[in-house]
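Input: a single structure, listed below in structure tokens.
Please read all numbers here as calculations on a predicted model, not as lab measurements. Positions are given from 1, in the same order as the sequence printed here. Because only heavy atoms are used, hydrogens play no part in the values below, and waters and symmetry mates are left out as well, while side chains stay in.
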Amino acid sequence: MSDADLILRVDKTKTNKHGIAHVASIPSDEACVLYLGGNGTDDLRAASGNAKIIEREILPNLPVHVPVYAVKYDFDNDDLEFARDANFSKYGYNFLSSPRAMDFVSVNNKNINLIFQRNVLPRVITATGRARKFDLAKANIEKLYVAFDGNLDEMRGKLNQMLRTEMLKAGFSSSQAIMFAKTIVRNSTASKDLDFEYISDIFNKAILPRISDNGRRLPLNVAMARMRKINIIAHCHGAYVAQKLEEKMAETMRKLGYDAREIRAVQSQTLVVAHAPVIPLGKSKFRVISFTSARDYISARPKNWVTKYVRNKQYQENRKFIGDDWLPSCFLAGKNGDVFIIHNAFQPRNNGRPSEYEHQNAHYLPIEKQTDIGKFMNTVAGNILTNGIKNALNKKFVPLPPTRELVLGDSSRDDMRKTFDKLVKNGRAFMADVYKFATAQVRGLQANKSRATENKCNKVSDIQR
């Protein structure tokens, strides 16, 4: 069970010392800001503090006052890791998972064979088809958690049968296969049973009135205009909340009678400025523009080749094998998810460890111990949010401008365009390096597998002779 409170920042008075007003919902056609904080936003003070950043650092740049809302969560933090990691799996981002690592996967009828081959079978059987040592296989399976999207009993039965069949082929006993299958049952749940009640609370208070009126769909231009007027800030878990709001919005719009083209058109007008997001990037139908630091060790990362490449480079950098210039600041677009990536936004701590503010920072003005590029990214994020709000203030609907225009400030606009173009160019070079790294890694894995198979065949041949 969970829920969410929605608050509005208001002027402080003798009877309202913290400037907080509880609201039942956001007016459907109001230009506003909605702050979705991290999972630590579990009291009113934290929610108000998030809104205060916007009030102090963004509102002074606007021609009129804009309401700033924030959300306070009430949920069980223990469920978040499961839900967020299963979300990476749902969008196909778990393909680098190690059998020895804790793994949370989302399984449906379309991906069950792929998930089985990549995430389940390697926990009990080696690449050469041999059974792993029992204790190791048992420990590996116990670290696997599954969210089944579909009929729970049917999906569990299908996955269990696949596992038992392959384990028996590899030489495990029937009792061992049954025991491992039971472990999967114990560590699994239905996707629909994950706790999304607080998501529904936020959706009903902030999004539903912008796409419907008393249970009826709105004209397309009205829905687009209303969604353009809400500007969302998402920090860490807040980005996950935004993605779930997007999913619920699409589902609800379908039920209301919007077609797929109309849903895409409406969702494309929703601006989300995401700091240290814990979601698969490049999958959202909202306009999510993200900011992340490679030195953020708090955020959950997708298990993909980008993460693998960055971790490899950081390992080399930490051991002084290479310098810190391997990651020039860059912008990735499209399927890589409109995201600004920098090496580090803050000076390291006295012990050399990265600052916790690599993750916690969601400011738009410079703060203590920031690097020059960190300060610059504060400015870029602030420009995007400010321009998004100004666009929302238009009396007539004007579509959300491209990112290249949203990054511009009030001065040096041509220089900023050139800087943005340079960041895009750096992003392409970065992804080219990731591709080269991934290609070399895959070839190495294939070569090792071929040698292992050849050795196995040679041993069989020796025995036959």
| All salt bridge (Lys or Arg N to Asp or Glu O under 4.0 Å) counterparts of Lys375, not counting sequence neighbours |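 So Lys375 forms no salt bridge (Lys or Arg N to Asp or Glu O under 4.0 Å) with any residue.
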| request: Tell me, please, which residues at least two apart from Asp414 pass salt bridge (Lys or Arg N to Asp or Glu O under 4.0 Å). | output: Arg417
Residue list, side chain to side chain contact (heavy atoms under 4.5 Å, CB included) with [X], at least two apart or on another chain:
X      : answer
Tyr435 : Thr439
Thr292 : Arg301, Val339, Ile341
Asn221 : Pro219

| query | Pairs in or reaching into residues 378-427: which pass ring pair (Phe, Tyr, Trp, His ring centres under 6.0 Å), with residues at least two apart or in two chains? | reply |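 Applying ring pair (Phe, Tyr, Trp, His ring centres under 6.0 Å) to every pair that reaches into residues 378-427, excluding sequence neighbours, yields Phe331-Phe420.
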By ring pair (Phe, Tyr, Trp, His ring centres under 6.0 Å), which residues pair with [X], not counting sequence neighbours?
X      : answer
Phe430 : Tyr309
His343 : Trp326
Phe376 : none

| query | Among pairs that include at least one residue of residues 230-250, which meet salt bridge (Lys or Arg N to Asp or Glu O under 4.0 Å), considering only residues two or more places apart or in two chains? | reply |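 Those involving residues 230-250 are Lys90-Glu247, Lys244-Glu247.
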| Judged by atom type as modelled, is there a donor-acceptor pair below 3.5 Å linking the side chain of Asn140 to the main-chain atoms of Lys143? | no
| said: Let's go through Lys390 and Asn61 carefully: what are the C-alpha distance in whole Å and the side-chain angles of both, what is the deciding distance for side-chain hydrogen bond (donor to acceptor under 3.5 Å, both in side chains) to 0.1 Å, and is it a yes or a no? | reply: CA-CA 10 Å; Lys390 287 180 177 179; Asn61 302 320; over 6 Å; no
Show me the donor-acceptor pairs within less than 3.5 Å that the side chains of residues 228-236 make with the rest of the protein, sequence neighbours left out.
| residue | atom | partner | partner atom | Å |
| --- | --- | --- | --- | --- |
| Arg228 | NE | Gln269 | O | 3.0 |
| Arg228 | NH1 | Gly388 | O | 2.9 |
| Arg228 | NH1 | Asn391 | OD1 | 2.7 |
| Arg228 | NH2 | Asn231 | OD1 | 2.9 |
| Lys229 | NZ | Ala392 | O | 3.2 |
| Asn231 | ND2 | Cys32 | O | 3.2 |
| Asn231 | ND2 | Lys229 | O | 3.4 |
| His235 | NE2 | His359 | O | 2.8 |

| message | Using a 6.0 Å cut-off, check whether atom CZ of Arg311 has over 12 heavy atoms from anything other than its own residue. | response | yes
Which side-chain N or O atoms in residues 255-262 pair as donor and acceptor under 3.5 Å with protein atoms at least two apart or in another chain?
| residue | atom | partner | partner atom | Å |
| --- | --- | --- | --- | --- |
| Lys255 | NZ | Glu251 | OE2 | 3.4 |
| Tyr258 | OH | Ile211 | O | 2.6 |
| Tyr258 | OH | Leu218 | N | 2.9 |
| Tyr258 | OH | Leu218 | O | 3.4 |
| Asp259 | OD1 | Arg261 | N | 3.1 |
| Asp259 | OD1 | Glu262 | N | 2.8 |
| Glu262 | OE1 | Arg217 | NH1 | 3.1 |
| Glu262 | OE1 | Asp259 | N | 2.9 |
| Glu262 | OE2 | Arg217 | NH2 | 3.4 |

